[in-house]
Each structure stands twice: as structure tokens, then as C-alpha cells.
A.B. asks: 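Could you have a look at this structure, given as C-alpha cells, before my questions?
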Amino acid sequence: MDQPAVRVEDLAKRYGDVVALDGVTFDVAPATVFGLLGPNGAGKTTAVRILTSLLRPDRGHAEVLGIDVAKHPDRVRGVIGLAGQYAAVDENLTARENLQLVGRLTNLPKTARDRAASELLERFMLTSAADRLVRTYSGGMRRRLDLAAALVHNPTVLFLDEPTTGLDPQGRAELWRVIEGLVATGTTVLLTTQYLEEADRLADQIVVIDHGQVIASGTAEDLKTQLGATVIEVSLSDDASLDLIKTQLATVGPLSIAGQDVNIAVTDGTAAMFQTVQILTAASISPTKLTLREPSLDDVFLALTGHAAETAPATDDATVAKTGKRRR
Ligand code: ATP
């Protein structure tokens with residue numbers, strides 16, 4: 001790799017007794033999307049806050065474009081943009097006024113900030129609403145404006161902390177297109193997400209963190225391959241059937257259970273399917289569904305972290321029967 005756009009080495013941070021980051025190391029290649037994936041509380045926001053100079057680590061080293069974040073926070077702020085989960089725009093200004101304000105704060109001359117505001121409003125499909133107060137905007141429009149605000153000073157590296165959380169599918173798809181456009185023109189994007197679909201669609205490289213540690217890394221394809229070749233999906237008609245055969249199904253492969261639906265991660269699909277059918281037959285249980293499919297990133301996440309993505313830690317409705325070998 002050329003000089004990485006972002007370099008993180010052995011980053012650690014505690015808040016009192018809470019270990020938020022515990023020795024995280026990764027590099028981000030220039031003009032790519034890097035996905036920092038993890039459940040609630042994994043340490044994603046803490047990593048972004050350290051990389052954007054808002055928080056000092058207890059240990060470790062972070063660089064953006066070769067600039068040491070701890071030693072030169074002002075220089076780093078000049079080359080990065082940050083957009084967060086909660087749109088940080090002023091509701092009582094118009095979109096144009098918000099962007100012009102950011103331009104003033106980043107010391108752009110008036111003509112440059114007027115031009116940047118107009119260009120960004122156009123790019124983010126906000127021109128027709130540009131002179132309306134932001135408090136009349138939809139969630140998706142606010143999020144696009146928040147992202148536009150992070151781009152006023154034309155940053156080379158953009159940090160997006162859960163950029164699409166809370167957006168509807170259309171808003172999410174629009175933001176994805178915008179992010180892809182930015183990367184195509186040379187911007188490096190580091191985004192945190194709990195959405196596997198988002199990481200799968202956008203990220204060239206993914207690092208999965210949980211409890212402040214890296215538990216897996218690679219491309220989406222690499223991560224899926226790690227899990228095994230195939231997933232068997234078994235749907236049962238009642239809880240009693242599930243209770244009866246749960247332990248036996250766990251001998252086929254690692255299980256994840258949501259309600260009466262059971263997913264089994266397996267390597268040899270045909271043999272595992274045969275074994276599953278034998279278990280069902282011996283217990284005289286007819287499943288409502290029994291299929292083989294390719295693994296998704298959701299399966300990977302569940303297997304690695306012990307709970308589903310896009311939810312709080314596992315509840316009774318989404319429990320995982322782990323059969324060793326999961327955590328590294
Ligand atoms: P989320 O998706 O919920 O935002 P996250 O992966 O971004 O989660 P962080 O916000 O980095 O995780 O939090 C990591 C851990 O540190 C969590 O256990 C969190 O409760 C804790 N934490 C974060 N900020 C503070 C703070 N200011 N004081 C104490 N604990 C904190």
C-alpha cells in the first residue's frame with residue numbers, strides 16, 4: 001500500500017473501568033471505503049473520536065495522511081471531515097446558511113464559501129430546499145446536509161460515524177450513492193456501521209470490533225468465507241419442536257436462533273443437510289422450511305460477536321448456541 005490514509009496502531013482507551021478500545025490496529029488505503037463494524041458499545045465512536053483529534057488515547061498511535069493526530073491535531077482537522085450519527089446542523093438556519101457558517105468557521109473566503117455551498121447543495125439534492133429552515137427537513141435531508149457540511153473545506157479523509165442509522169431504505173440508498181461518488185473522486189472514507197448490508201455494499205476492507213478488540217478483518221467475501229461455505233435454514237412450527245432438537249442440531253454446526261428459525265453454519269452442505277434431515281425425521285418433526293443458502297455478512301457477525309447486528313445484545317428472541325471455535 002502507498003502511505004495509508006489512516007494508520008492506527010495499538011490504540012487503547014478506557015473510561016474509568018470501561019475498556020472502550022483495547023489494542024486496535026489497522027490501516028486504511030487511500031481512496032477506499034473502510035468499514036469499522038461492531039455492535040453497540042464495541043468502541044467504534046471512541047476510535048473515530050481519537051482519529052478526529054476529539055479524544056486522546058491512553059496508548060497507541062494514530063496518523064491521518066502521515067500526520068500524527070496527537071501531536072498535530074490542528075493539521076489533522078484541516079484535512080478531515082466528520083459527520084456523525086446525529087445531524088449536527090442548526091435547525092433554525094437554512095441549509096445554505098448552515099454551509100456558509102461552516103465555511104466561515106473553516107476560514108474560507110466569502111466567494112469560496114458561497115461557491116462551495118451552492119455546489120454541495122446541488123450535489124446533495126438540496127438545491128430546491130436550500131433556503132428553507134432545516135427544521136422543516138426530513139431525516140434523510142438533514143443527514144445529507146450534515147454530510148455536505150463535513151465537505152465544505154474539501155477534506156481528503158472523511159469520517160462517518162453511523163451515517164445512515166435511522167434513515168429509511170431510500171435515504172440510506174441515496175447516501176450510499178453519495179459516498180460512492182466521493183470515493184470515486186479520491187476521498188478516503190472511514191465509516192462505522194452496525195449494518196452489514198452497508199459494509200457489504202460500500203466497504204473495500206472491513207474490521208470487525210467487539211469489546212474494543214479487532215475480532216476479524218478482511219473484505220466482505222473474506223469474512224463470509226471464514227464462516228463456512230453454506231448456511232442451512234430450518235424453520236419450525238413451534239417452540240416445543242425447537243426445544244426437542246436444538247441440542248442435536250448444534251452437532252451439525254454452530255447455531256443461531258431467532259424465534260423458531262434456526263440457522264446452521266456448515267462447511268459440507270450436502271452431508272450437513274442429510275444429517276439435519278435425519279435429526280428431524282428421528283424426532284418426527286416436519287419443518288415449515290428447510291433450505292441451503294450462501295452465508296451473509298449477518299451470519300458472520302452473529303457467529304463472531306454472539307449477537308445479531310442492528311440489535312442490542314442478544315435477547316431470548318435472538319440467542320446463539322455457540323459451539324466453541326468462535327471467538328479468536
Ligand atoms: P454505539 O454504536 O452504541 O455508538 P460504539 O461502538 O460507538 O457504540 P463507543 O461509543 O465507542 O462504542 O463506546 C465504547 C464503550 O465505552 C461503551 O461501553 C460505552 O458505554 C463506553 N463509553 C463511551 N463513552 C464513554 C464516556 N464518555 N464515559 C464512560 N463510558 C463511555
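Atoms within each ligand, like the ligands themselves, are counted from 1 in listed order.
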A.B. asks: Is there a donor-acceptor contact under 3.5 Å linking the side chains of D131 and T94?
C.D. replies: no
A.B. asks: May I ask you to check whether E198 and T193 show a side-chain donor-acceptor distance below 3.5 Å?
C.D. replies: yes
A.B. asks: Go through it in stages, so that I can follow the logic: the residues are R144 and Y137, the test is side chain to side chain donor-acceptor pair (under 3.5 Å), and I'd like the CA-CA distance, side-chain angles, deciding distance and then a yes or no.
C.D. replies: CA-CA 10 Å; R144 294 206 301 277; Y137 276 26; over 6 Å; no
A.B. asks: Counting heavy atoms only, which of D161, T165, T45, V48 comes nearest to atom 7 (O) of ligand 1?
C.D. replies: T45
A.B. asks: Looking only at non-hydrogen atoms, which of G16, G41, A47 approaches atom 14 (C) of ligand 1 most closely?
C.D. replies: G41
A.B. asks: Hey, which atoms in ligand 1 end up nearer than 4.0 Å to a heavy atom of A20?
C.D. replies: 14 (C), 15 (C), 16 (O)
A.B. asks: Is there a donor in the side chain of T127 and an acceptor in the side chain of E122, or the other way round, less than 3.5 Å apart?
C.D. replies: yes
A.B. asks: For ligand 1, is there an atom lying under 4.0 Å from some heavy atom of R49?
C.D. replies: no
A.B. asks: Once you restrict to heavy atoms under 4.0 Å, what part of P39 touches ligand 1? Side chain, backbone, both or neither.
C.D. replies: backbone
A.B. asks: Considering all heavy atoms of both residues, which atom of I67 and which atom of R75 are nearest to each other, and what is their separation?
C.D. replies: CG1-NH2, 3.8 Å
A.B. asks: Is there a continuous path of hydrophobic side-chain contacts, each under 4.5 Å between heavy atoms, that joins L255 to V277?
C.D. replies: yes
A.B. asks: List every atom of ligand 1 that sits less than 4.0 Å from any heavy atom of T46, numbering the atoms from 1 in the order shown and giving each element.
C.D. replies: 9 (P), 11 (O), 13 (O)
A.B. asks: Please report the closest heavy-atom contact between A5 and P30, naming both atoms and the distance.
C.D. replies: CB-CA, 4.0 Å
A.B. asks: Check this for me - ligand 1, V18, N or O atoms closer than 3.5 angstrom, yes or no?
C.D. replies: no
A.B. asks: Before signing off on this row, confirm whether V19 and ligand 1 have an N or O atom pair separated by under 3.5 Å.
C.D. replies: no
A.B. asks: Can you list the atoms of ligand 1 that are under 4.0 Å from a heavy atom of Q194?
C.D. replies: 2 (O)
A.B. asks: Looking at ligand 1, would G38 count as a contact under a 4.0 Å heavy-atom criterion?
C.D. replies: no
